[in-house]
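Worksheet: one structure, shown below.
Only heavy atoms go into these numbers, but all of them, side chains included; no hydrogens, no water, no symmetry mates. Just so we're on the same page: letters track the sequence lines, and every chain starts at 1.
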Number of protein chains: 2
Amino acid sequence: MPRVSDEHLAARRRQIVDAARRCFLREGFHRTTMHDVIAEAGLSVGAVYRYFPSKASLINAIAEEAIGGAELVLADLARQDPPLPLAEALERALAYVETQVGDDGLLRIAVQVWGEAQRDPALAEFVAGTYAGLRRHFEALVRRAQDGGEISADADPQAVAAALFGLVPGWFIQRILTGGPDRATYLAGVRALLGRSG
Amino acid sequence: MPRVSDEHLAARRRQIVDAARRCFLREGFHRTTMHDVIAEAGLSVGAVYRYFPSKASLINAIAEEAIGGAELVLADLARQDPPLPLAEALERALAYVETQVGDDGLLRIAVQVWGEAQRDPALAEFVAGTYAGLRRHFEALVRRAQDGGEISADADPQAVAAALFGLVPGWFIQRILTGGPDRATYLAGVRALLGRSG
DNA sequence: CCGTCAAGAACGAACGTTCGTTCTACGATG
DNA sequence: CATCGTAGAACGAACGTTCGTTCTTGACGG
């Protein structure tokens, strides 16, 4: 009967998740303490534990947000009509990436999730499934590129999709770790490698 | 005067480093305890602390091993005479990668180092420097490919090098996280994307 | 060839701290 | 005013590290 609105609940939850993301970016999953998250959220211990029963559940929520973020973007790219040339599809994918490589971007969290996935089988399965899904979107793009004659019909679409997909983390890892080439430079390099003028 | 041989000291150090690597692979840097490492090494607390003054120094030693491992391999590739075609250089780089993506491979540690580098500035600088060095080796390969006419002389060698370099982590991340395509498949995909028969 | 001895190497109990989580009391809400 | 969300002190476990002690090594005098 005396209950708070669903909006309030959702807002509180977001408040905690956002605080956790900032903390995890600063200190990594296992070096941030629950008290760090609690202080960052400006709440009390009890309040946070009402929304997340454990630290692990908080890590999971953040991980799903970080890994799942690209799904919608890529699904949309694969669905465009007329089909996007592969170089342009890649460009748009990198444009999304660019919004998420900043100091508080999801992709920095994703890198930490990769590490975590190596010791948490459930998380590993989630990551594997999500990334396989992303790769399938690239595969759809490749098949349509084959229909249009952009790529040899003999090529294995899964293989080409893997190569194309690889170019995405291949870029943002460089960005995050070395400051890396900017998007235009990287794309120019890819196009030169493809032997097209772009 | 009464001292143990240098070989003994080196062997003990390696014994500790190897134990730490196994532990870090199982549990990540901050979930493995010093007691885990000590038990895995079969030594005592004091013995381990004689060789490494802190947990951080142990993490550093492992990180440098994992990140630095590729340097020699790539330097060698860039130095080959006659120059390697780019696709073959990539193939050889991936062959090295393949030896290090197994359950106890260095690249799994490298992924964890990427995460750690986001909160440890000293480690970040080391990683950035090392990876920039690797990219320069690719750049040398690209310049030589341009001399040989394999790639347009107009292309920016740094840009092409970044694209080529990106294909390496782009593969092993897929391997580690999704089981990924095998080396031959991935290379076939890259070659199809390059528009060459291979 | 052996016994001695100083010093380095290894040991592991113990310390202070900090962790994730629990619990009881309080205040706000409909 | 009944009830649920919030608060924050408190708890036991486990952490990284220290330190006083014990064991082992190898040069050296006999």
Any donor-acceptor pair under 3.5 Å linking the side-chain atoms of A:Asn60 with those of A:Ser57?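 Side chains of A:Ser57 and A:Asn60: no pair found under 3.5 Å.
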
Take atom [atom1] of [X] and atom [atom2] of [N], then tell me their distance rounded to the nearest Å.
X       : N      : atom1 : atom2 : value
A:His30 : D:dG16 : NE2   : P     : 13 Å
A:Leu9  : D:dC4  : CG    : C1'   : 11 Å
A:Lys55 : C:dT22 : NZ    : C1'   : 17 Å
A:Leu58 : C:dC19 : CG    : P     : 15 Å
A:Met34 : C:dT18 : CE    : P     : 18 Å
B:Asp6  : D:dG26 : CG    : C1'   : 14 Å
B:Phe52 : D:dT18 : CZ    : C1'   : 19 Å
A:Ile38 : D:dT6  : CD1   : C1'   : 12 Å

N/O (side chain, [X]) to phosphate O (OP1/OP2, [N]) under 4.0 Å:
X       : N      : answer
B:Ser44 : C:dC11 : yes
B:Arg50 : C:dC11 : no
B:His8  : C:dA10 : yes
B:Arg31 : D:dC15 : no

Base, sugar-phosphate, or nothing: which does B:Tyr51 touch, judged by heavy atoms less than 4.0 Å apart?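 Sugar-phosphate, backbone atoms only, no base.
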
Let me know, please, whether B:His35 or B:Arg12 comes out on the 5' side of the other along DNA chain C by nearest nucleotide.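 Closer to the 5' end of DNA chain C: B:Arg12.
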
So which one's nearest nucleotide on DNA chain C is more toward 5', B:Leu43 or A:Asp36?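 The residue whose closest nucleotide sits nearer the 5' end is B:Leu43.
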
Could you pull out all residues at least two apart from B:Asp156 that satisfy salt bridge (Lys or Arg N to Asp or Glu O under 4.0 Å)?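 Salt bridge (Lys or Arg N to Asp or Glu O under 4.0 Å) list for B:Asp156, sorted by chain: empty.
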
Going by number, which of residues 16-27 of chain A have a non-hydrogen atom under 4.0 Å from DNA chain D?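 None, since no heavy atom is under 4.0 Å.
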
Could you tell me whether B:Arg22 and B:Glu27 have a side-chain N and a carboxylate O separated by less than 4.0 Å?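 Judged by the 4.0 Å cut-off on N to carboxylate O distance, B:Arg22 and B:Glu27 do not form a salt bridge.
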
Between A:Arg21 and A:Asp18, is the closest basic N to carboxylate O distance under 4.0 Å?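 Salt bridge flag = yes for A:Arg21 with A:Asp18.
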
Should we count CD of A:Gln80 as having more than 12 external heavy atoms under 6.0 Å?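 It does: A:Gln80 CD has more than 12 such atoms within range.
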
Could you please name the option among C:dT22, D:dC15, C:dC19 that lies closest to any side-chain atom of A:Tyr49?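 My answer, after comparing the listed nucleotides, is C:dT22.
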
Which of these nucleotides, C:dT21, C:dC19, D:dG16, is closest to any side-chain atom of A:Val45?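 So the side chain of A:Val45 is nearest to C:dT21.
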
Given side chains that start at C-beta, do those of B:Glu139 and B:Arg143 come closer than 4.5 Å, heavy atoms only?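 Heavy-atom side-chain distance check passes, below 4.5 Å.
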
Determine whether B:Arg135 and A:Pro181 make a side-chain contact, defined as any pair of heavy atoms from C-beta on separated by less than 4.5 Å.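 Heavy-atom side-chain distance check passes, below 4.5 Å.
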
